[in-house]
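Comments concern the structure below.
We count ligands from 1, going down the list as the structure has it; atoms in each ligand are counted the same way.
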Amino acid sequence: MNNDPRLELISSASLFYQQGWMVGTAGNLSARLNDGSFWITASGKSKGNLQENDFVRMNLEGEVLESPNPQNCPSAETSIHQAIYSLFSKANACYHVHSVEANLMTRYIEGDNLPLPPIEMVKGLGIWQENPLVTMPVFKNYLNVPQIAQEIIERFQNKLPDIPALLILEHGVTVWADSPEKAKNQIEIAEYLFRYILASHH
Ligand SMILES: CSCCC(=O)C(=O)COP(=O)(O)O
Ligand SMILES: [Zn+2]
């Protein structure tokens with residue numbers, strides 16, 4: 001694991017911002033360190049031009065361990081990152097963005113899942129099967145973010161997801177991976193799949 005992944009998080013946030021997936025301070029990125037703590041984007045920051053001080057280092061219990069700018073608060077969605085890191089020991093990065101396409105998935109949801117198209121790109125989410133029939137787990141969006149985190153924990157403790165990604169309805173996608181680079185790629189794959197689903201229904 002990277003000793004200080006902040007520069008890579010800054011680079012990915014800038015890329016996602018340019019794609020329109022992190023506009024208006026939307027989204028949050030985190031990466032876990034060798035000691036189990038994780039750097040996460042501070043709350044309310046514009047993601048297009050983050051600086052190294054725009055991060056807060058947390059532990060899995062949600063305590064602030066380091067905040068280069070003491071005026072910063074950790075992401076309002078830190079509890080979701082905590083949930084992912086506590087559920088998946090190999091997760092070293094957790095990325096969350098708000099694309100328009102993700103928010104348009106609502107009509108394609110079946111129950112609490114989003115069926116994914118059986119196309120080559122699902123390999124980017126780790127599904128190496130002929131004619132893959134996989135779904136993305138979907139969660140309700142609550143103002144009380146810890147409730148979303150709790151529902152993620154309860155659901156995944158009972159049944160692990162097919163893929164390292166989940167969709168929060170009318171909100172955005174969250175992915176996790178064993179490296180920040182893989183998490184970046186998984187965001188791109190998830191957003192490609194959303195665009196494909198929209199285009200295939202026109
Ligand atoms: C306009 S973004 C609303 C909050 C949100 O959903 C998000 O992803 C960013 O919250 P943060 O506290 O991480 O800035
Ligand atoms: Zn969000």
Side-chain angles (χ1 to χ4, degrees), residues 5-6 8-32 37-87 91 93-106 109 112 114 136-153 155-156 161 164-177 180 183-184 186-188 190-191 194:
R6 285 178 288 176
E8 188 163 2
L9 298 177
I10 290 169
S11 170
S12 290
S14 174
L15 176 79
F16 297 153
Y17 178 84
Q18 288 159 27
Q19 296 287 341
W21 302 339
M22 295 190 93
V23 301
T25 77
N28 32 77
L29 308 183
S30 73
R32 184 150 46 177
S37 67
F38 60 92
W39 284 108
I40 191 163
T41 44
S43 187
K45 299 292 180 182
S46 170
K47 302 305 185 310
N49 186 28
L50 289 169
Q51 308 298 319
E52 277 190 67
N53 285 354
D54 293 330
F55 291 84
V56 180
R57 190 163 67 87
M58 311 290 293
N59 66 17
L60 274 190
E61 292 68 41
E63 296 163 331
V64 174
L65 301 177
E66 191 177 346
S67 182
N69 179 342
Q71 293 169 338
N72 283 342
C73 294
S75 165
E77 297 175 344
T78 298
S79 57
I80 295 175
H81 295 247
Q82 286 171 253
I84 293 298
Y85 289 133
S86 62
L87 284 161
C94 183
Y95 283 13
H96 167 70
V97 300
H98 294 186
S99 68
V100 169
E101 293 82 0
N103 280 266
L104 290 171
M105 289 296 101
T106 307
I109 306 297
D112 54 6
L114 173 68
M136 183 182 290
V138 176
F139 294 86
K140 288 181 184 154
N141 190 36
Y142 300 107
L143 202 56
N144 176 32
V145 176
Q147 187 173 348
I148 304 173
Q150 187 55 37
E151 291 192 2
I152 290 169
I153 290 169
R155 181 168 172 184
F156 289 169
L166 61 88
L167 176 65
I168 304 171
L169 268 182
E170 316 284 339
H171 183 154
V173 71
T174 294
V175 305
W176 55 96
K184 175 186 76 75
Q186 287 171 196
I187 285 285
E188 292 176 347
E191 294 300 337
F194 297 150

**Prompt:** Any idea how Y85 and F38 line up, ring-wise: parallel (<30°), tilted (30 to 60°), or perpendicular (>60°)?
**Reply:** tilted
**Request:** Starting from the Zn ion (ligand 2), look over the N/O/S atoms of H98 and name the nearest one.
**Result:**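 Of all N, O or S atoms belonging to H98, NE2 is the one nearest the Zn ion (ligand 2).
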Closest protein heavy atom (residue, atom, distance) for [atom]:
atom                    : value
atom 3 (C) of ligand 1  : H98 CE1, 4.3 Å
atom 10 (O) of ligand 1 : N28 ND2, 3.8 Å
atom 1 (C) of ligand 1  : G24 O, 3.6 Å
atom 2 (S) of ligand 1  : A26 CA, 3.7 Å
atom 14 (O) of ligand 1 : G44 N, 2.8 Å

**Prompt:** Nearest non-hydrogen atom to atom 5 (C) of ligand 1 belongs to which of K45, H96, H81, E77?
**Reply:** E77
**Message:** Nearest non-hydrogen contact with atom 11 (P) of ligand 1 belongs to which option: P74, S75, S30?
**Reply:** S75
**Asked** side chain to side chain contact (heavy atoms under 4.5 Å, CB included) with S46: which residues, sequence neighbours excluded?
**Response** Y17
**Request:** Going by the side chain to side chain contact (heavy atoms under 4.5 Å, CB included) test, name the single residue among I109, N103, T106 that passes it with L167.
**Result:** I109
**Message:** Please evaluate residues E77 and T174 with respect to the criterion side chain to side chain contact (heavy atoms under 4.5 Å, CB included), reporting the C-alpha separation (whole Å), side-chain torsions for both, the decisive distance (0.1 Å), and the verdict.
**Reply:** CA-CA 11 Å; E77 297 175 344; T174 294; over 6 Å; no
**Request:** Please report the closest heavy-atom contact between K140 and I168, naming both atoms and the distance.
**Result:** O-CG2, 4.0 Å
**Prompt:** Which atom pair, heavy atoms only, marks the closest approach of A93 to A183?
**Reply:**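 Looks like CB-CB, 3.9 Å.
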**Request:** Identify, by atom number and element, the atoms of ligand 1 in contact range of G27, meaning under 4.0 Å from any of its heavy atoms.
**Result:**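 Close to G27: 7 (C), 8 (O), 9 (C), 13 (O).
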**Message:** Any atom of ligand 1 sitting under 4.0 Å from a heavy atom of T41?
**Reply:**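 It does not; every heavy atom stays at 4.0 Å or beyond.
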**Request:** Could you tell me whether ligand 1 has any atom less than 4.0 Å away from a heavy atom of K47?
**Result:**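 It does, in that a heavy atom of K47 comes within the 4.0 Å cut-off of ligand 1.
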**Asked** For A76 and ligand 1, does the shortest N/O to N/O distance drop below 3.5 Å?
**Response** yes
**Prompt:** Between S12 and E8, is any side-chain donor less than 3.5 angstrom from a side-chain acceptor?
**Reply:** no
**Message:** Is a donor from one side chain sitting under 3.5 angstrom from an acceptor on the other, for H81 and H96?
**Reply:** no
**Prompt:** Taking R155 for the side chain and V138 for the main chain, is one N or O donor matched with an acceptor at less than 3.5 Å?
**Reply:** yes
**Prompt:** Angle subtended at the Zn ion (ligand 2) by OE2 of E77 and NE2 of H171, to 10 degrees?
**Reply:**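 E77 OE2 and H171 NE2 form an angle of 80° at the Zn ion (ligand 2).
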